[in-house]
**Q** 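Quick one: the structure is below, and I'll ask about it shortly.
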Number of protein chains: 2
Amino acid sequence: MAEQAQFEELARQLSAVGAVKRDLGRILPHACPAGAAAVLMLLSRDGDMRMSKLAELMAVDMSVTSRHVAHVAERGWIERSPDPADKRSRILRLTPAGGDMLVELSRRSTELLAERLSDWTTEDVGELIRLMSRLRESFDCRPVPAVPPPPLPVPLPLSPPLATTTTRTPA
Amino acid sequence: MAEQAQFEELARQLSAVGAVKRDLGRILPHACPAGAAAVLMLLSRDGDMRMSKLAELMAVDMSVTSRHVAHVAERGWIERSPDPADKRSRILRLTPAGGDMLVELSRRSTELLAERLSDWTTEDVGELIRLMSRLRESFDCRPVPAVPPPPLPVPLPLSPPLATTTTRTPA
DNA sequence: TATTGTTATACTCTATAACTATA
DNA sequence: TATAGTTATAGAGTATAACAATA
């Protein structure tokens, strides 16, 4: 278990990586902003899936996913076929044109990262990937327990309830 | 030097940490969104400074900084005093009220991180901080060389110029 | 009734560009 | 002429809520 000062610094660093993300965003084609690129990347990596699954992987509300998906579908980069098993659902699939776009995206981001990280070792990059991936998991897999834990012996300082892990707009 | 597949994965993870940042953002007081919190945090950590310095630390355009600073100044969390040495400039300083807000922010983010990262060791967190910090540095300190490097022997694949490191709107 | 997905609306963050006041 | 900072505007990303179609 780490201490308070470390958590504060971690929060700062998380805020700071935004600058790196913006740099990466600036090299994207005008027609394919970050949200659209994420859709293509995930469909390529994890295969065909439904909207709800994609929203979960992107960790955003499904309404947001719906907009990104509409964007890439309009450009012919993915197809939305009806799900025979559930007529409410649609199955998303990358098209060849989407694959081409993905190759281009990958080329650009790789070019930028290779330049900026030219003095990083494979191990360094791997460790960063590992830790960021674990960070994401630590935040994801924390559903509010079905049965609330017993109240603490000492009342905690007045604070709002922690954010839930909800990704879906409540009906 | 790392390879292409690794860079692609790194780009994915960078996109994915957005979810963590959003979780942290959800616990902020309504009056103090992420941008405002960053201003307070940096003034506390690095002391009084001018707008331009703050913009550099936040790695955003000064126009963006100006808005965030105006927001926190309106709420009395910072003061903007004229710089005697340069009348165009303003020196930003955290007020006691700003310090109080910062304590509250820190308490909330620490509470959330302590819960989510309860199974992380101090070393793990430290290593993640170190690597993220280095990542930020690798992107920052890469001004386009004043004298363009000699052309490469083999022409690179057709690609747009890489993003510059500019943080300021060109006049 | 509950769930899947869409759309309308509002808010935050960001960059660009035009502007001012100093240097 | 150049720099520090402000403001107006536009674009991307996100969440909430209301809705339609189906389970």
Side-chain angles (χ1 to χ4, degrees), chain A residues 15 18-26 28-39 49-56 58-74 80-92 163-171, chain B residues 15-26 28-39 49-56 58-74 80-92 163-171:
Chain A
S15 148
V20 174
K21 289 181 63 178
R22 287 195 295 279
D23 269 4
L24 277 167
R26 274 187 266 274
L28 295 175
H30 183 68
C32 186
V39 169
M49 66 184 79
R50 322 199 308 174
M51 290 287 314
S52 51
K53 173 67 175 172
L54 182 60
E56 184 191 322
M58 295 182 73
V60 295
D61 192 274
M62 193 154 56
S63 65
V64 177
T65 309
S66 185
R67 284 205 349 170
H68 293 317
V69 162
H71 179 96
V72 296
E74 281 162 15
R80 290 184 278 196
S81 3
D83 182 347
D86 184 340
K87 287 179 188 168
R88 296 170 304 180
S89 248
R90 307 225 250 174
I91 303 294
L92 311 176
T164 69
T165 58
T166 307
T167 261
R168 180 66 166 97
T169 298
Chain B
S15 150
V17 280
V20 175
K21 289 182 62 178
R22 287 194 295 279
D23 269 3
L24 278 168
R26 273 186 268 273
L28 295 175
H30 182 66
C32 186
V39 170
M49 66 183 82
R50 321 200 309 175
M51 290 287 314
S52 50
K53 174 66 175 173
L54 182 59
E56 183 191 322
M58 295 183 71
V60 296
D61 191 275
M62 194 154 54
S63 65
V64 177
T65 310
S66 185
R67 286 206 348 167
H68 293 317
V69 162
H71 179 96
V72 296
E74 281 162 15
R80 290 183 279 194
S81 3
D83 183 346
D86 185 340
K87 288 180 186 166
R88 295 170 304 180
S89 247
R90 305 225 251 174
I91 304 294
L92 311 177
T164 69
T165 59
T166 307
T167 259
R168 181 66 168 98
T169 300

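Throughout, protein chains are lettered first and strands after them, A, B, ... in sequence-line order, and every chain is numbered starting at 1. Excluded from the calculations below are hydrogen atoms, water molecules and symmetry mates; all remaining heavy atoms, backbone and side chain alike, are included.
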**Q** Determine the contact category for R67(B): base if any of its heavy atoms lies under 4.0 Å from a base atom, sugar-phosphate if only primed atoms, P, OP1 or OP2 are that close, otherwise nothing.
**A**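 Since a base atom lies under 4.0 Å of R67(B), the category is base.
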**Q** Can you tell which of dA23(D), dC13(C), dG5(C) lies closest to the side chain of S52(A)?
**A**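 Of dA23(D), dC13(C), dG5(C), dG5(C) is nearest to the side chain of S52(A).
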**Q** Tell me which of A36(A) and D86(A) sits closer to the 5' end of DNA chain D, going by the nucleotide each one is nearest to.
**A** A36(A)
**Q** Determine: side-chain N/O of R26(A) to OP1/OP2 of dA12(D), distance under 4.0 Å, yes or no.
**A** no
**Q** Would a distance-only check, ignoring hydrogens and angles, find a side-chain to backbone donor-acceptor pair under 3.5 Å from H68(A) to A37(A)?
**A** no
**Q** Expressed in angstrom and rounded to an integer, what is the separation of M58(A) atom CE from dA15(D) atom C1'?
**A**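 Atom-to-atom, M58(A) to dA15(D), this comes out as 14 Å.
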**Q** Would you say K53(B) has more than 12 foreign heavy atoms packed within less than 6.0 Å of its NZ?
**A**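 12 or below, so no.
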**Q** Nearest whole angstrom, please: distance from the P of dT16(C) to the CZ of R22(A).
**A**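 The answer, rounded to whole Å, is 12 Å.
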**Q** Spell out yes or no: do the side chain of S63(B) and the base of dT16(C) have one donor N/O and one acceptor N/O closer than 3.5 Å?
**A** yes
**Q** Answer yes or no: is there a donor N or O on one side and an acceptor on the other, between the side chain of T65(A) and the main chain of D61(A), under 3.5 Å?
**A** yes
**Q** So what does A34(A) touch, heavy atoms closer than 4.0 Å: a base, only the sugar-phosphate, or nothing?
**A**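 Touches sugar-phosphate only.
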**Q** Measure from the side chain of R90(A), starting at C-beta and using heavy atoms only, and say which of dT6(C), dT4(C), dA4(D) lies closest.
**A** dT6(C)
**Q** Please report, rounded to the nearest Å, how far the P atom of dG5(D) is from the NE2 atom of H68(B).
**A** 16 Å
**Q** Could you give the CG-to-C1' distance, from D61(A) to dA15(D), as a whole number of Å?
**A**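 Result: 6 Å.
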**Q** For L28(A) and dT14(C), give me the distance from atom CG to atom C1', rounded to whole Å.
**A**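 My rounded result for the distance is 15 Å.
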**Q** Tell me: CG of L92(A) to P of dT4(C), nearest whole Å?
**A** 14 Å
**Q** For R50(B) and dT3(D), what is the distance between atoms CZ and P respectively, to the nearest whole Å?
**A**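 After rounding, the gap between these two atoms is 12 Å.
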**Q** Taking only the side-chain heavy atoms of K87(B) (C-beta and beyond), determine which of dG5(C), dT22(C), dG13(D) contains the nearest atom.
**A** dT22(C)
**Q** Provide, to the nearest angstrom, the distance between the CZ atom belonging to R80(B) and the P atom belonging to dG5(D).
**A**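 The distance from CZ of R80(B) to P of dG5(D) comes to 11 Å, rounded to the nearest Å.
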**Q** Would you mind reporting whether I91(A) and M49(A) have side-chain heavy atoms less than 4.5 Å apart?
**A** no
**Q** How far does CD of E56(B) sit from CZ of R50(B), to the nearest 0.5 angstrom?
**A** 11.0 Å
**Q** Using heavy-atom distances to pick each residue's nearest nucleotide on DNA chain C, tell me which of R88(A) and S66(A) is more 5'.
**A** R88(A)
**Q** Look at the side-chain N and O atoms of H71(B) and state whether any lies under 4.0 Å from the OP1 or OP2 oxygen of dT12(C).
**A**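 H71(B) to dT12(C) OP1/OP2: no side-chain N or O under 4.0 Å.
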**Q** Any side-chain N or O of S89(B) less than 4.0 Å from the OP1 or OP2 oxygen of dT3(D)?
**A**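 The answer is no; no side-chain N or O of S89(B) sits under 4.0 Å from OP1 or OP2.
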**Q** Taking only the side-chain heavy atoms of M62(A) (C-beta and beyond), determine which of dG5(C), dT14(C), dG5(D) contains the nearest atom.
**A**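 Closest of the options to the side chain of M62(A): dG5(C).
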